[in-house]
Each structure stands twice: as C-alpha cells, then as structure tokens.
Amino acid sequence: MRQIVLVRHAETAWNRSRRYYTGQDDPTLTPAGESEAALLRPHLAVHRDAHVLCSPALRTRRTAMLAGLEAGFSADLREWSYRLPDGHTVDDGCAAAPCRHDVWDSALRSGPCTGECLPEVTARADYVLDCARRLLAGGRDVVLVTHGNLIRILTARWLGLPAGAGAHLALRTASIGRLAMYDARPSLLGWNFSPAFDVLPVPAPQTRPDPFSPAESRP
C-alpha cells in the first residue's frame, strides 16, 4: 500500500509561543525542536527511497536533514500565507467579535482576506495532491516535509472534505501523518504521531539478585 507521508517541521520559538506565521517568516528550530526532529529518523528510515519533497523554509529543511531525509524543494509546500499581524498569538483575545484573525472561516473574519485566502491555498493543496498521486503511480511512497496548516488542508482535501475541515485536525510539531487508498477509498492511516510525545523511553534495566547465586557468607 503506497502512502503519502506528511511530516510537520519541528518546534520553533513561534510554535512555543503559539504565534501565527504570516507565510514570510522563517525562524529556525529551537534546541528542543532539533531534538524532536532527530527522533523522527528511525520512524522515517523505511521511506528513504521515497520521493521526498520539502518546503524551502529553513525550519522544514532543517527538520528533513535531522530526520535523515534527502529532499528536493517545492515552493508549493510553503506555509499558508495569511498575512496576519506579526506576533498575533492563537490564544489572543480579539477586541471585537467576530474575530478577524480566524483564518479558517471567512464568515468569522470582520475584515477582508489580505493574504492567501482559503480558496487559493485550497487550490495549491489540490495541486500538490495531484502531483503526489502521479508519483505514487510510479510505485514509490511520497514524503512531504511541510507546515502544520498546509498539512491539515492536504489531509482534509485527500479525504474529500472542505479545506476548512482542517481546522479540526490538531497537529503537533515533528509529527507524522499517513494518507493512502484503503479499500479503494482515500483514507487516513495515521495521524499526529510524534516520537517526542508518543514513544515512551525504554526503562533502564533494574539489577535484581540472582536466586541461583551462592548465599552470602554469614558471620
């Protein structure tokens, strides 16, 4: 079963503070993000012969490298450029309702779209999926190293849902999702698997007394 493997970049300072990207920002990974990205390596090793494409952003390129992937770059995998004011956070309250910073639903914005509107990024995501389908037809998996909101839109569109449904697909940094055809239907095989969160460390072996060893000498 051939798969489209979706890899979100690891943590940046903006992720940590829950700030929106505007599409033009290009921060690098935090030290924690570097560790997260390295933990992806054993889980992606099976896909080293896949078609690997990466957003040209620094945070995605660094994630791909630390995860052991040799990737080509595609501008179509860039983050959704919604151009919100720099520094606006996901948790910020808006001064007036409805909130002008809801990027997922134009009905919840009080102002016009000033960047890449949802229909535009939807068309871009559909084009990426069309290209991925053609690559899958060649018999190799496809790995896309890209950004959180674009991955959410790609997944919604693969499943035949409106792009806005991606708002309901929570996604960690340095996480892996898997899309494939299952029973001739576009399906979601895995979602939001992050080795930094979901893989428990192997406990250190505990030293136990050997019941067959000679008894200690007694005074």
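Residue indices begin at 1 and follow the sequence shown.
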Any side-chain to backbone donor/acceptor pair from Asp26 onto Leu58? Under 3.5 Å, distance only.
yes
Below 4.0 angstrom, N of the basic side chain to O of the carboxylate: do Arg2 and Asp141 qualify?
yes
Answer yes or no: does atom CG of Asp49 have more than 12 heavy-atom neighbours from other residues, nucleotides or ligands under 6.0 Å?
no
Counting N and O atoms only, with roles assigned by atom type, does the side chain of Thr28 sit under 3.5 Å from a partner on the main chain of Arg59, one being a donor and the other an acceptor?
no
May I ask you to decide if Leu161's main-chain N or O and Arg157's side chain share a donor-acceptor pair within less than 3.5 Å?
yes
Check: Arg185 main-chain N/O paired with Ser187 side-chain donor or acceptor under 3.5 Å:
yes
dist Thr63:OG1 -> Leu44:CG (nearest 0.5 Å) comes out at 10.5 Å
I'd like to know if the side chain of Thr60 and the backbone of Thr146 have a donor-acceptor N/O pair within less than 3.5 Å.
no
So, the side chain of Arg152 versus the backbone of Ala167: is there a donor-acceptor pair under 3.5 Å, distance only?
yes
Going through the checks in order, is the salt bridge (charged side-chain N to carboxylate O under 4.0 Å, His left out) test met by Glu70 and Arg48?
CA-CA 8 Å; Glu70 294 186 12; Arg48 283 182 184 147; over 6 Å; no
Treating Glu11 as the side-chain partner and Glu36 as the backbone partner, does any N or O pair qualify as donor plus acceptor under 3.5 Å?
no
Please walk me through it: do Ser55 and His147 pass side-chain hydrogen bond (donor to acceptor under 3.5 Å, both in side chains)?
CA-CA 8 Å; Ser55 160; His147 306 271; 2.8 Å; yes
